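Notes follow once the structure below has been shown.
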Amino acid sequence: MRDPLPQSFYLKPTVEVARNLLGALLVRTLSGGETLSGIIVETEAYVTGDPACHAYCGITPRNAVMWGPAGHIYVYRSYGIHEMLNLVTEREGLAEAVLIRAIEPVEGIETMRTARGGIKSRFELTNGPGKLAQALEITRAEFNGMDITRPNAALAVYERASEPEIKATTRIGITKGVELPYRFLIPKNGYVSKGRPSVAPI
DNA sequence: TCCGCGATCGTCT
DNA sequence: GACGATCGCGGAC
């Protein structure tokens with residue numbers, strides 16, 4: 001397989017990166033050598049001046065990675081339970097990121113099923129940010145701050161085959177900035193998350 | 001099928 | 001001490 005997407009891919013405006021990630025292949029290599037992969041089908045953009053963005057209130061130990069170089073991984077825990085996978089965008093000093101919300105499983109489906117507690121439906125293995133992290137065994141301890149553009153990394157993103165149809169809607173599961181159309185997904189894909197936008201799709 | 005609620009804990013005030 | 005970029009279960013219809 002070719003090299004992972006380079007840092008220049010993540011140095012573009014965050015909304016553009018969020019759109020360009022749709023259709024790309026997310027590949028997780030487990031410590032045992034097994035490969036898990038899936039096509040990214042849903043993302044959300046978090047930008048400067050956005051009240052829903054973790055970085056909105058300034059730099060803290062938790063969100064420090066967002067201020068760092070593009071192409072690094074920001075993982076944090078939500079509701080005390082779920083791990084969230086984000087990819088840092090923009091230049092250093094500008095704290096923006098893309099949340100990966102859902103993928104369509106390609107390789108390692110049985111392993112993902114086991115990691116998810118034996119769930120039967122393959123549509124529900126990775127259709128939500130918390131589920132995706134659980135299925136791919138992505139933890140904050142191992143991945144927060146890691147460079148995703150490095151060859152042979154435990155997690156990598158590869159260029160998409162072709163540009164998919166893209167739909168923009170409002171974001172999900174937040175209480176601030178709900179009106180911004182920063183959620184992007186591939187319509188009619190059965191693996192997107194089930195949450196619904198609070199406003200009609202744009 | 002849809003909706004409401006509890007779980008659970010790191011982080012910030 | 002309160003809350004959150006969520007999830008899954010159980011009950012109503």
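A note on names: the letters A, B, ... follow the listed sequences, proteins ahead of strands, and every chain is numbered from 1. Since the structure is predicted, the reported quantities are computational estimates derived from the model, not experimental observations.
Between the NZ atom of K176(A) and the P atom of dG4(C) there is a distance of 6 Å, rounded to whole Å. Rounded to whole angstrom, the span from the OH atom of Y76(A) across to the P atom of dT6(C) amounts to 6 Å. Spacing between atom CG of N127(A) and atom C1' of dA5(C) amounts to 16 Å, rounded to whole angstrom units. We find that CZ of R77(A) is positioned 14 Å from C1' of dC7(C), with the value rounded to whole Å. One interatomic measurement links the two molecules: CD of E83(A) to P of dA5(C), which rounds to 15 Å at whole-angstrom precision. Rounded to whole angstrom, the span from the NZ atom of K120(A) across to the P atom of dC9(C) amounts to 11 Å. Following rounding to the nearest Å, Y79(A) (OH) and dC9(B) (C1') show an atom-to-atom distance of 13 Å. The nearest whole Å value for the distance from the CD1 atom in I59(A) to the P atom in dT11(B) is 14 Å.
A donor-acceptor contact under 3.5 angstrom links the side chains of R122(A) and Y191(A), judged on distance only.
Under the 4.0 Å criterion applied to side-chain N and carboxylate O atoms, E83(A) and R140(A) are not assigned as salt-bridge partners.
Checking dG8(C), dA5(C), dT11(B) against every side-chain atom of H54(A), the shortest atom distance belongs to dA5(C). In this structure, the nucleotide among dT6(C), dT11(B), dG4(C) sitting nearest to the side chain of R62(A) is dT11(B). When distances are taken from the side chain of M66(A) to each of dG8(C), dT6(C), dA5(C), the shortest belongs to dA5(C). Side chain of K131(A), nearest nucleotide from dT11(B), dA5(C), dC7(C): dC7(C). Listed nucleotides: dT11(B), dT6(C), dA5(C). Nearest to the side chain of R140(A): dT11(B). With dT11(B), dG10(B), dA5(C) as the choices, the nucleotide that has an atom nearest any side-chain atom of T60(A) turns out to be dT11(B). For R116(A), counting side-chain heavy atoms from C-beta on, the closest listed nucleotide (dG8(C), dG4(C), dC7(C)) is dG8(C). For H82(A), the listed nucleotide lying nearest its side chain is dT6(C); candidates were dT6(C), dG10(B), dA5(C).
Shown are V15(A), T14(A), N20(A), L21(A); of these, the side chain to side chain contact (heavy atoms under 4.5 Å, CB included) with V17(A) is made only by L21(A).
Within the shown strands, dA7(B) is the pairing partner of dT6(C) under the Watson-Crick or G-U definition, both distances less than 3.5 Å.
Other residues, nucleotides and ligands place more than 12 heavy atoms under 6.0 Å from the CZ atom of R116(A).
Across every non-hydrogen atom of M66(A) and V88(A), the tightest pair is O-CG1, 3.7 Å.
Using a 5.5 Å limit on the distance between ring centres and a 30° limit on the angle between planes, the aromatic ring of Y46(A) counts as stacked on the six-membered base ring of dA5(C).
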